[in-house]
Every structure is written in C-alpha cells, then in structure tokens.
Amino acid sequence: MVETENFVLQWLAWEITSRCNLSCIHCRSQAGADAGGGEFSTAQAAALIDDIASFSKPVLVLSGGEPLLRPDIFELAGHGASRGLRMALASNGALISDGICGRIKASGIRIVSLSLDGSTSAVHDDFRRQPGAFNATLAAAGALRRHGIDFIVNSSFTRRNQADIPEVYRLAKSLGARAWYLFMVLPTGRAEALREELIGPQDYEEILGWHYRMEKDESEMLVRPICAPHYYRLALQKSRAEGLSWKRRSLSFSTGGAKGCVCGQSIAFISAQGEVQPCSYFPTSAGNVKERAFSEIWRHSELLRSLRDFSRYKGRCGACEYIKVCGGCRARAELYGGDYLGEEPLCSHKPERKRGEA
C-alpha cells in the first residue's frame with residue numbers, strides 16, 4: 001500500500017470562474033462569455049483557501065476561464081497570500097494593463113502566466129479566435145515587465161501551429177519570460193473537436209527531441225514540455241548516450257520535480273464547480289470540495305491513491321523501467337484508451353521486459 005503522506009501537494013490550479021473573454025479552439029473546458037454557474041461565493045472561496053493552507057503550502061494558481069473577470073480576484077489572492085500560499089495568476093493577457101499590474105503586486109500575486117500560441121498574430125489569433133489577441137498578449141508582457149512582475153509563457157500546440165514552435169520559443173525569450181512551457185494539447189472540452197489535428201506519435205517524438213537539443217543550450221529561461229511525460233525518459237536516454245549529466249533546473253512556481261506525469265501526486269486541479277481532478281485535463285473527478293474537504297480528498301481519494309501506486313499501472317507503462325521517471329500521461333491514457341492506469345498511447349518506447357518477452 002502506498003503511503004499517501006509521501007505525496008505532498010506542491011501546485012494547485014483553481015478555476016475560479018469559467019467565464020472568459022475569448023473562445024479558444026483548444027480550451028480544456030467550454031469557457032466563454034456565457035459560461036458560469038455553480039461558482040464559489042467569496043466566502044466559500046476563502047474557506048477553501050483556509051482548508052488548503054491548513055495542511056499544505058502549495059503554489060495556488062488562480063485560473064479560469066479568465067480569472068480577471070472575477071470581481072473579487074484580488075481579494076482572494078490577498079487572502080491566499082496571507083495564509084502563506086504562493087499565489088499565481090493564469091491569464092490570457094487581454095485584460096492586463098498598467099493599472100491591473102499595480103493591483104496584482106498589491107494583492108500578493110508573485111507570478112503570472114500568459115498564453116502565447118503563435119509567433120505572429122495570424123497564428124495566435126486563429127488559435128484564440130479573437131483578432132487582436134496576439135497584440136494584447138505582447139502588451140501584457142510589456143506591462144508586467146515594466147512593473148517588475150515575473151511571468152511565464154504557456155504555449156499550446158496542435159498540427160495547426162506546430163511548425164511555429166521554435167519561433168514561439170524565441171519570442172517568449174525575447175519578451176523576458178522567466179519560463180516557457182510547451183503544452184501538448186489533449187482532447188478535452190472544446191479541444192475534443194480537434195482530435196484529428198492533435199500531434200501524432202512521430203511528430204511528438206521529434207518535437208521532444210528538438211526540445212532536448214534546445215534545452216541543452218538554454219541558460220537564461222526555464223523551459224519545460226507539459227503533458228509530455230516521456231520527455232523525461234527521452235532526455236535521460238539521450239544524455240546518457242552522450243555521456244552527459246542531465247539535470248533539471250527548477251522554478252519555485254513549477255509543477256513539481258524532475259519527473260513526467262505528476263497528476264494527483266504533487267499537483268491537482270479544482271474546477272469552477274468544485275470538482276477535484278488529478279490535473280486540468282484528467283476527465284474524472286476525485287470528489288467535490290463543496291461536499292468534502294479538499295484536504296480529505298487529497299489524502300483519501302481512491303482515484304488519487306491509485307495514481308500514486310505504480311504497481312497498478314498496466315501495459316507498457318506497468319512494465320517500463322522508466323516508470324518512476326516518466327509515468328506516462330494518465331489523462332491521455334484515459335482519453336484515448338479508456339483506462340487511466342493504462343499505457344501512454346503516444347509513447348514509442350518498448351520496455352526491456354517487453355523486449356525480453358518478445
């Protein structure tokens with residue numbers, strides 16, 4: 001039996017609203033101007049923050065939707081900061097101005113993530129389905145930089161924009177981002193309609209190879225592929241073959257250590273309606289915080305406990321010598337194969353034990 005006390009919550013994303021000023025093609029939910037309902041009141045939100053802080057001090061990311069649409073956003077941020085949580089804000093950038101930057105700093109938010117899915121307005125605005133979204137993100141980055149607020153750039157990719165990956169990386173660096181996170185879109189929410197244009201196994205491996213080569217030369221900005229856990233296996237294999245010691249740099253607002261899938265192990269997600277999910281892409285709930293304390297769900301949910309027990313993993317993941325390095329994307333295993341403990345569908349690695357059986 002896996003001891004759940006060994007799994008410390010380090011990073012928690014909370015969808016404080018499902019309303020959004022954009023309607024992006026890859027949104028993991030159905031966020032939009034007309035979305036909403038069942039969201040926390042200010043008092044309920046403060047109580048949830050108190051419960052989280054009672055047993056852990058994770059990074060708490062106020063997310064959405066677009067969290068800046070919530071009138072009490074800075075009140076909630078200040079409450080979290082007063083409880084010792086490291087507060088972060090995840091925004092599409094369109095509403096960030098010099099005035100908002102002043103309120104961000106005053107509230108105790110210590111880092112902001114911006115969305116940038118293309119190196120040009122043609123690519124980014126197509127993804128975001130909003131003319132002017134690209135220029136708004138660049139303006140937000142400039143405002144944050146002027147006010148001395150650290151920011152991360154999150155970039156999501158499908159076949160539609162994968163050719164732009166190197167240019168997006170270079171643009172994120174030129175903007176002064178502390179980190180650049182490359183997201184491999186999963187078919188959840190609105191992105192379900194994109195299933196046929198999601199990046200396939202061969203391109204996936206090639207992109208991760210590019211990321212490894214790029215990361216070896218990157219010395220200023222933290223870079224990390226997200227929802228791509230077998231990058232950690234690939235990077236370890238390549239560095240060993242090259243006689244290198246591969247060490248991961250870290251950021252105090254990152255999603256955990258040098259490991260692949262950490263959903264339900266060191267990270268979690270809370271929806272606008274209170275559903276606790278192992279990560280924002282994982283389709284199954286571990287419980288609802290309006291019915292049961294988050295601290296209890298984190299410690300005792302059978303779903304979360306099963307994710308922490310590698311002996312229960314199946315297929316190639318269950319037999320893999322890199323299980324503790326990679327873990328395989330649990331959300332992708334569920335979304336593609338119907339079993340979250342099954343094997344990672346986009347991984348090409350054949351474990352030594354499987355080769356022996358063959």
Side-chain angles (χ1 to χ4, degrees), residues 2-19 27-31 35-65 67 70 76-77 79-80 83-90 186 188-189 226-227 229 253-256 259 261-309 312 327 329-335 339-341:
V2 173
E3 294 296 330
T4 193
E5 290 76 11
N6 294 332
F7 293 86
V8 177
L9 179 66
Q10 299 180 30
W11 185 92
L12 177 62
W14 179 13
E15 182 186 47
I16 60 173
T17 181
S18 54
R19 290 182 296 123
C27 182
R28 53 161 180 72
S29 63
Q30 298 289 346
E39 297 177 359
F40 290 73
S41 67
T42 302
Q44 288 174 322
L48 175 58
I49 289 171
D50 291 341
D51 178 43
I52 294 166
S54 71
F55 80 103
S56 185
K57 294 294 186 287
V59 174
L60 179 57
V61 183
L62 301 179
S63 181
R70 183 160 173 146
L76 297 182
H79 187 71
R83 295 298 186 269
L85 303 180
R86 292 170 289 164
M87 302 304 297
L89 172 70
L186 279 79
T188 60
I226 306 296
C227 302
F253 290 87
S254 66
T255 56
K259 182 182 177 299
C261 186
V262 290
C263 75
Q265 298 171 42
S266 62
I267 73 168
F269 171 82
I270 302 175
S271 76
Q273 289 72 42
E275 301 295 342
V276 177
Q277 297 162 230
C279 76
S280 58
Y281 297 102
F282 199 99
T284 306
S285 173
N288 192 296
V289 295
K290 294 182 178 179
E291 302 168 358
R292 187 182 180 195
F294 176 81
S295 51
E296 289 297 307
I297 295 172
W298 178 260
R299 291 187 178 111
H300 302 300
S301 161
E302 174 55 30
L303 171 61
L304 300 184
R305 293 176 74 90
S306 66
L307 287 167
R308 299 163 186 169
D309 187 354
R312 299 172 67 171
C329 178
R330 297 301 98 209
R332 193 174 283 116
E334 173 70 17
L335 291 165
D339 184 354
Y340 67 86
L341 295 175

Open item on the list: I'd like to know whether Leu186 forms a side-chain contact (heavy atoms from CB on, under 4.5 Å) with Arg28, so could you lay out the CA-CA distance, the side-chain angles of the two residues, the decisive distance to 0.1 Å, and finally the verdict.
Closed with: CA-CA 8 Å; Leu186 279 79; Arg28 53 161 180 72; over 6 Å; no
Open item on the list: For the OG1 atom of Thr284 and the CG atom of Leu335, what is their distance to the nearest 0.5 Å?
Closed with: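 The CG atom of Leu335 is 8.5 Å from OG1 of Thr284, to the nearest 0.5 Å.
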TODO: List the steps and the verdict of side-chain contact (heavy atoms from CB on, under 4.5 Å) for Trp298 and Val276.
DONE: CA-CA 9 Å; Trp298 178 260; Val276 177; over 6 Å; no
Open item on the list: With side-chain contact (heavy atoms from CB on, under 4.5 Å) as the criterion, how do Asp50 and His79 come out once you've worked through the C-alpha distance, each side chain's angles and the decisive distance to 0.1 Å?
Closed with: CA-CA 9 Å; Asp50 291 341; His79 187 71; 2.9 Å; yes
Task: Euclidean distance, Gln277 CD relative to Leu304 CG, rounded to 0.5 Å - done: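 Going from the CG atom of Leu304 to the CD atom of Gln277 covers 11.0 Å.
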Task: Contact summary for Phe269 and Cys279, nearest pair of heavy atoms - done: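 The answer is CB-C, 3.6 Å.
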- [ ] Heavy atoms only: give me the nearest Ser18-Glu39 pair and the separation to one decimal.
- [x]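 Residues Ser18 and Glu39, closest heavy atoms: N-OE2, 2.9 Å.
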Task: Nearest heavy atoms of Arg86 and Gln10, plus distance in Å - done: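 Closest heavy-atom pair between Arg86 and Gln10: NH2-O, 3.8 Å.
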TODO: State, to 0.1 Å, how close Arg299 and Arg305 come at their nearest heavy-atom pair, and which atoms those are.
DONE: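 Heavy atoms only, the tightest pair is O-NH1, 3.3 Å.
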- [ ] May I have the step-by-step check of side-chain contact (heavy atoms from CB on, under 4.5 Å) for Phe294 and Trp14, ending in yes or no?
- [x] CA-CA 12 Å; Phe294 176 81; Trp14 179 13; over 6 Å; no
Task: Closest contact, heavy atoms only, Ser295 versus Asp51 - done: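 Closest heavy-atom pair between Ser295 and Asp51: OG-OD1, 2.9 Å.
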TODO: Using the six-membered ring wherever Trp is involved, compare the ring planes of Phe282 and Tyr340 and label them parallel, tilted or perpendicular (cut-offs 30° and 60°).
DONE: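 Answer is perpendicular, since the angle exceeds 60°.
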